[in-house]
Amino acid sequence: MNEQHVEEVLDAYVLGALEPDERSFVETHLETCAHCRDLAAVSRNTEGALLLGVSLVTPPPSLRARILQSVRSLAADQAATSSSSLSDGPTVLRSRMPHDLHSKGGNAYAAEGNPALTLLARLMATPDCRIWELQSTGANAGAYARLVGIPRNREAVLVASGLPILTADSVYQIWLLRSSYPMSNATFHVDATGSGQQIVRASAALRRFDAITITPEPAGGSPAPTGPIVLMGNLHHGL
Amino acid sequence: MPDQDEIDLALVKRVCAGDVEALGQLYDCYGKFVYSLARYIMHDASAAEDITQEVFLRVWQHAKSFNPERGRVRTWLLRIAHNLAINEIRRRRVSPVTAHEATLQYVQLSQADPDPQNDPAAALQLQAQGVLVQWALARLAEPQRRAIVMAFFEGLTQQEIAAALDVPVGTIKARIRMGMQRLREFLQEAYGQ
């Protein structure tokens, strides 16, 4: 650790990965060092993004009612012990929070040089945006993808990761299924980590399709699927 | 039209004033995210429900202490959930094998079960941001991703991660530092900053 600053351990600090004595040292230093406090805020922004980085699971429908019932019971108890306990209004709510990494408007998300990410950012800022999961068919357990788009529109972005890297004479091809008939869509490559993004432009509104699949195909794509399905998703789910 | 931060802040103010329905609206926006984070960390649906309930009870009880200058409402909710879940698994103390399995599970998102059908628009936008974060994480080198996941989602210190993976602690420090730096770069690329 640098004698003057603690910047080298700030990421570990915000992740909670320091030992108690190290954490205490960092916190003491941050009290007096504006330079490291600024850097800690940057690390904290990244840590805040990680909070969103888990797969979503729908909680049981009954949970909402259970929570609100608990709160009502608690409120009743509080009212019984102190009739004025909740009547003072906010005491610390002073102003709007400053904007951070995620607080900019849609235009600020534009990803220079990557049309798929630019479109993804635009879609993200749209209230009607939907996300469809593509599941691995089993042969490639680490593969996954999501399609982000607006059901009534034809454009979407596929974000895939964990796909096996293909040989130079092969590509991944996207298929949109309608009445079990696979309609050819874009092809794409993945990088060295198995990740890729691709704009999907459908022949009709996305909500008109039943499913999406991805298969490996010869370079240039195929008029009909020839390779095994590596990922598939139900487009009715989430509409 | 107010942005989501303003809407959230208004809901917190209503919670401060004793409005249970405002808490319900916060749940509608962020309950799924809180539950998913808790469930991911705990690997236990029942524990995730308990933590989700505790998060919103704490919001109810401590809404007055929320300071918007220190962050967003949704980040506040998720940090409460994260702290509760990490404290619980530290109490239970996971084994290195479990930690390894959890790391693998993290990048195998095929078990995801999103159900955006009834989600408000704000939650859907947040889901899209989650996609970007997962995409950025997936681009990290596996050792870096594993170190970050074990630290943040399993509550292990750098020394504990080093012991679990049988590598020098200096290696883990470097993986976390470089991994977080790469993550920032990927996110900045995604957000065009």
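We use all heavy atoms of the structure for the numbers below, so side chains are in, but hydrogens, waters and symmetry mates are not.
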For A:D21, look at atom CG and say whether over 12 heavy atoms of other residues, nucleotides or ligands are found less than 6.0 Å away. yes

Pair A:R64 + B:D28: basic N to acidic O under 4.0 Å: yes

Hey, which of B:Q159, B:E54, B:R139, B:E21 has the most heavy atom pairs under 4.5 Å with chain A? B:Q159

Checking heavy atoms, do the side chain of B:R39, its backbone, both or neither come under 4.5 Å from chain A? side chain

Does either side chain, that of A:Y13 or that of A:E27, offer a donor lying less than 3.5 Å from an acceptor on the other one? yes

A:S24 side-chain N/O to A:P20 backbone N/O, donor-acceptor pair under 3.5 Å: no

Given heavy-atom pairs under 4.5 angstrom as the criterion, report whether the side chain, backbone, both or neither of B:R14 touches chain A. neither

Do A:R146 and B:Q134 pair up side chain to side chain, a donor and an acceptor below 3.5 Å, judged on atom types alone? yes

Part of A:E47 lying under 4.5 Å from any heavy atom of chain B: both

Whether the side chain of A:R152 engages the backbone of A:A205 through a donor-acceptor N/O pair (distance < 3.5 Å, no angle test) should be reported. no

Under a 4.0 Å threshold between the charged nitrogen and the carboxylate oxygen, would B:E160 count as salt-bridged to B:R90? no

Using a cut-off of under 4.5 Å for heavy-atom pairs, which of A:V159, A:L231, A:V148, A:L10 has the most such pairs with chain B? A:V159

Is A:R44 in contact with chain B via its backbone, its side chain, both, or neither, using a 4.5 Å heavy-atom distance? both

Is A:S195 in contact with chain B via its backbone, its side chain, both, or neither, using a 4.5 Å heavy-atom distance? side chain

Under 4.5 Å from a heavy atom of chain A, the part of B:Y27 involved: side chain

Contact part of B:D50 toward chain A, heavy-atom cut-off under 4.5 Å: side chain, backbone, both or neither? side chain

